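In what follows, every chain begins at residue 1, and chains take the letters A, B, ... in the order their sequences are listed. Because the structure is a prediction, the values reported are computed rather than measured.
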2 protein chains.
Amino acid sequence: MYKRYSKQRTLILEIVKSTHSHPSADWIYNKARKIMTKISRGTVYRNLNQLAENGEINVIKDGDVMKYDGNILRHDHLLCTKCDSVYDINILPKDLDKKVQRLINFDVKQISLTIEGICQNH
Amino acid sequence: MYKRYSKQRTLILEIVKSTHSHPSADWIYNKARKIMTKISRGTVYRNLNQLAENGEINVIKDGDVMKYDGNILRHDHLLCTKCDSVYDINILPKDLDKKVQRLINFDVKQISLTIEGICQNH
DNA sequence: TAACAAATAGGAATCATTCCTGTTTATAAT
DNA sequence: ATTATAAACAGGAATGATTCCTATTTGTTA
Ligand SMILES: [Mn+2]
Ligand SMILES: [Mn+2]
Ligand SMILES: [Zn+2]
Ligand SMILES: [Zn+2]
């Protein structure tokens, strides 16, 4: 079995990596259409899932909508419940994963800290 | 304006408070039907949202499905990505909210730490 | 007991995401 | 370069959790 690099996947990865705005699949889809007019929603979702599984991007669960993050360095998030904006922040120490793994009997894959509240725009 | 206590809301709150299993709306709905056969899904969702807004229960965003937590004391969660189980754990200090609020310019409402991985059942 | 706003039941609508299928395309072997 | 083939795609249908709608019921106050 071999791995194929489609133009679509390359474009989707570039789009996610090119912003700090933690975009939704729909935002990414619309951005992609401007460059590749015939790209389909299904392709965007399939590739986002694949890139996430592959560890090339991160997923943020924002209620009913998923958001994607091109920054795969450990960091935390502020989530505004009024405008749904997501901001980066660093609260937890970088090595918390290993510390926690020593404490508990659970195969830790990812630790995510989300701070919900109201941002300065309101 | 006055507040009404329907039997439905009382039952739903009791059900959420009676378990440590972090149930979904559907699980709660089915449990409720056994006692109040004609209760509707809409009623379950409406009351869960209301109870959450009111601070009587907590909501956990688990991808596409919401889960509900009768324990409103600050605590953290282990989430198994294989069986979707949610376990309670205490990692963050109780007073982190205030510490963080002092550090950042953001009106902090809630801080949630979720540790994803694989639980002992696998 | 009467008046009325709050809440409900039941079902339709929404909407993000996944699934399906016939077609296209990137890669490896010839 | 040509060919074989599995990977990936486009387009659209299906899914499923949640919300919305409305006629009816019910809890509370006076
Ligand atoms: Mn981020
Ligand atoms: Mn809990
Ligand atoms: Zn905001
Ligand atoms: Zn598990």
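With C:dT27, C:dA7, C:dT18 as the choices, the nucleotide that has an atom nearest any side-chain atom of A:N49 turns out to be C:dT18. Side chain of A:Y45, nearest nucleotide from C:dT17, C:dA7, D:dA17: C:dT17.
Evaluation of the side chain to side chain donor-acceptor pair (under 3.5 Å) rule for A:R4 yields no partner, not counting sequence neighbours. Remark: B:D88 engages no residue in a salt bridge (charged side-chain N to carboxylate O under 4.0 Å, His left out) (not counting sequence neighbours). Looking at residues two or more places apart in sequence or on another chain, you find a side chain to side chain donor-acceptor pair (under 3.5 Å) between B:T19 and B:S21. Take B:S24 and apply the side chain to side chain donor-acceptor pair (under 3.5 Å) test, not counting sequence neighbours, and it matches no residue.
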Could you list, one pair per line, each protein nitrogen or oxygen that sits under 3.5 Å from a nitrogen or oxygen of nucleotides 10-14 of chain C, together with the distance?
| from | atom 1 | to | atom 2 | distance (Å) |
| --- | --- | --- | --- | --- |
| C:dG10 | OP1 | B:K38 | NZ | 2.6 |
| C:dG10 | OP2 | B:K38 | O | 3.2 |

Pick out the pairs of N or O atoms, protein on one side and nucleotides 1-4 of chain C on the other, that lie under 3.5 Å.
none

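Without hydrogens or angle criteria, B:N54 side chain to B:Q50 main chain gives no donor-acceptor distance under 3.5 Å.
Scanning both residues, A:D84 and A:K67, for their nearest heavy atoms gives O-NZ, 2.7 Å.
For the segment residues 7-23 of chain B, residues with any heavy atom less than 4.0 angstrom from an atom of DNA chain D are, sorted by number, B:K7. For residues 55-72 of chain A, proximity to DNA chain D is found at no residue, defined as any non-hydrogen atom under 4.0 angstrom from a strand atom. For residues 26-34 of chain A, proximity to DNA chain C is found at no residue, defined as any non-hydrogen atom under 4.0 angstrom from a strand atom.
Atom CG of A:L11 is separated from atom CD1 of A:I35 by 5.0 Å, given to the nearest 0.5 angstrom.
Evaluation of the ring pair (Phe, Tyr, Trp, His ring centres under 6.0 Å) test over residues 13-47 of chain B, restricted to residues two or more places apart or in two chains, returns B:H22-B:H77.
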Let me check something: any side-chain donor-acceptor pairs from residues 108-122 of chain A under 3.5 Å, sequence neighbours excluded? List them with distances.
| from | atom 1 | to | atom 2 | distance (Å) |
| --- | --- | --- | --- | --- |
| A:K109 | NZ | A:D107 | OD2 | 3.3 |
| A:E116 | OE2 | B:K61 | NZ | 3.4 |
| A:Q120 | NE2 | B:N105 | O | 3.0 |

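The side chain to side chain contact (heavy atoms under 4.5 Å, CB included) test with B:I57 is passed by exactly one of B:L51, B:N49, B:D69: B:L51.
Side-chain contacts under 4.5 Å among hydrophobic residues (ILVMFWY), followed directly or transitively, place B:L79 together with B:I60, B:V86.
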